[in-house]
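First up is the structure itself, then whatever we jot down about it.
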Amino acid sequence: MKVYRSKIDWWLILLILGVFGYPIVEGLVKRQLGLSLTMLAILLVIFWMFSKIKYIIDSNVLKIWWLKIEIKSIKRIYKTRNPLSSPALSLDRIAIVYNKYDEVLISPKDKQGFVDELLKQNSEIKVEI
C-alpha cells in the first residue's frame, strides 16, 4: 500500500486563515468569546479535513476519500489547473480519466512517483504530464 498526500497551495492556507482568523481576533477584541471559539472550531475542522486528503494505491485499487477506482479502468492521466471542486488542495493538479466518462482531479505532492506507481499496475494508461 502506497500513500500520497495532497499538495497544498500556500495562498489557500492564507485565504482560509484570513477568512476565519479575522473573526477570531475581532471576537477577542470585542470580548465575544462565542464568536472566537466558533470560528476557531471551524478552522480546526477545516485543517483536520485537509490532513485527511490523501491518495492510496492499495493492490489494484486507487482510493481517494470514499471513491475507489480500479487501476485497470484508468485510461488517461493529464495535467490540469482546473479549479473545479475536487479532493485537491492545489491548482497544480492531474486529472484521472477512468471507466468510460468518469474523471477526478487530484494534486499529489509527488506526481511523478504517483503516476509511476499506477503505471506499474496498468502500463496502458496514457500519460500527458
Side-chain angles (χ1 to χ4, degrees):
M1 177 170 75
K2 293 266 189 162
V3 177
Y4 295 88
R5 297 267 175 209
S6 177
K7 181 179 179 182
I8 303 174
D9 282 341
W10 62 269
W11 60 265
L12 179 63
I13 292 174
L14 288 179
L15 177 69
I16 290 170
L17 283 175
V19 167
F20 292 97
Y22 178 78
I24 291 170
V25 172
E26 183 77 14
L28 291 173
V29 169
K30 292 188 175 182
R31 301 185 193 276
Q32 295 176 343
L33 193 57
L35 172 65
S36 293
L37 289 176
T38 301
M39 290 295 128
L40 181 61
I42 292 170
L43 186 62
L44 291 174
V45 167
I46 289 170
F47 283 123
W48 175 78
M49 288 174 49
F50 279 9
S51 73
K52 298 300 179 188
I53 296 178
K54 56 189 168 193
Y55 319 112
I56 301 170
I57 298 174
D58 190 10
S59 61
N60 61 346
V61 176
L62 170 61
K63 298 175 185 175
I64 305 168
W65 275 0
W66 62 89
L67 181 64
K68 292 182 181 179
I69 301 170
E70 292 288 328
I71 294 175
K72 292 293 181 190
S73 71
I74 297 174
K75 309 290 184 216
R76 178 177 166 227
I77 298 174
Y78 64 93
K79 189 173 182 170
T80 183
R81 294 191 65 79
N82 190 331
L84 286 178
S85 178
S86 66
L89 300 173
S90 171
L91 288 180
D92 183 17
R93 299 174 172 189
I94 57 175
I96 297 177
V97 179
Y98 62 100
N99 294 334
K100 193 165 184 173
Y101 301 111
D102 296 319
E103 182 174 282
V104 64
L105 305 176
I106 62 173
S107 62
K109 278 184 191 177
D110 178 14
K111 277 192 278 193
Q112 193 58 53
F114 178 80
V115 170
D116 290 345
E117 192 65 32
L118 290 176
L119 287 172
K120 285 181 189 175
Q121 295 188 36
N122 183 356
S123 59
E124 296 179 12
I125 298 173
K126 295 178 186 172
V127 179
E128 302 161 16
I129 297 180

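The chain is numbered in sequence order, starting from 1. Side-chain atoms are counted along with the backbone in the values below, which use heavy atoms only and exclude waters and symmetry mates.
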Quick check on side-chain contact (heavy atoms from CB on, under 4.5 Å): which of L91, T80, I96, I94 does L105 satisfy it with?
T80
Expected list for residues 57-64: side-chain donor-acceptor pairs under 3.5 angstrom, two or more places apart:
{"from": "D58", "atom 1": "OD2", "to": "K63", "atom 2": "NZ", "distance (Å)": "3.3"}

Heavy-atom pair with the smallest gap, counting every atom of I71 and Q121:
CD1-OE1, 3.4 Å
Just verifying a value: how many Å separate S90 OG and L12 CG, rounded to the nearest 0.5 Å?
9.0 Å
For the hydrophobic clusters of this structure (ILVMFWY residues joined by side-chain heavy atoms under 4.5 Å, transitively), does one cluster hold both I16 and L40?
yes
Of all the heavy-atom pairs spanning P108 and Y4, show the shortest one and how long it is.
CB-CB, 4.3 Å
Rounded at 0.5 Å granularity, tell me how far CD1 in I77 sits from CD1 in I106.
7.5 Å
Looking only at heavy atoms, the pair that brings I74 and I125 closest together is O-CG1, 3.6 Å
Residue pairs passing the salt bridge (charged side-chain N to carboxylate O under 4.0 Å, His left out) test with at least one member in residues 81-92, sequence neighbours excluded, are K7-D92, D92-K111
Separation between CG (L89) and CZ (R5), nearest 0.5 Å, reads 11.0 Å
Enumerate donor-acceptor pairs with a distance under 3.5 Å from any side-chain N or O in residues 41-54 to protein atoms, sequence neighbours excluded.
{"from": "S51", "atom 1": "OG", "to": "W48", "atom 2": "O", "distance (Å)": "2.6"}

Quick test of your reading: applying ring-ring contact (aromatic ring centres under 6.0 Å, His included), list the pairs with at least one residue in residues 54-86, sequence neighbours left out, ordered by first then second residue.
none
Supply the atom-to-atom distance I129 CD1 to K79 NZ, rounded to the nearest 0.5 angstrom.
8.5 Å
Measure across S86 and R93 and return the closest heavy-atom pair with its distance rounded to 0.1 Å.
OG-NH1, 3.1 Å
Counting only pairs under 3.5 Å, give me each side-chain donor-acceptor contact of residues 17-27, with atom names and distances, residues two or more places apart or in other chains.
{"from": "Y22", "atom 1": "OH", "to": "E26", "atom 2": "OE1", "distance (Å)": "3.2"}
{"from": "E26", "atom 1": "OE2", "to": "K30", "atom 2": "NZ", "distance (Å)": "3.0"}

Do V115 and I56 share a hydrophobic cluster (ILVMFWY, side-chain heavy atoms under 4.5 Å, transitive)?
no
Between the CD1 atom in I13 and the CD1 atom in I8, the distance rounded to the nearest 0.5 Å is 5.0 Å
Got a donor-acceptor contact below 3.5 angstrom from the N82 side chain to the L84 backbone?
yes
Any sub-3.5 Å donor-acceptor pair from N99's side-chain atoms to Y101's backbone N or O?
no
Taking ring pair (Phe, Tyr, Trp, His ring centres under 6.0 Å) as the test, write out the residues that go with Y98, two or more places apart.
none
Verify the neighbour count for atom CD of E124: are there more than 12 heavy atoms of other residues, nucleotides or ligands below 6.0 Å?
no
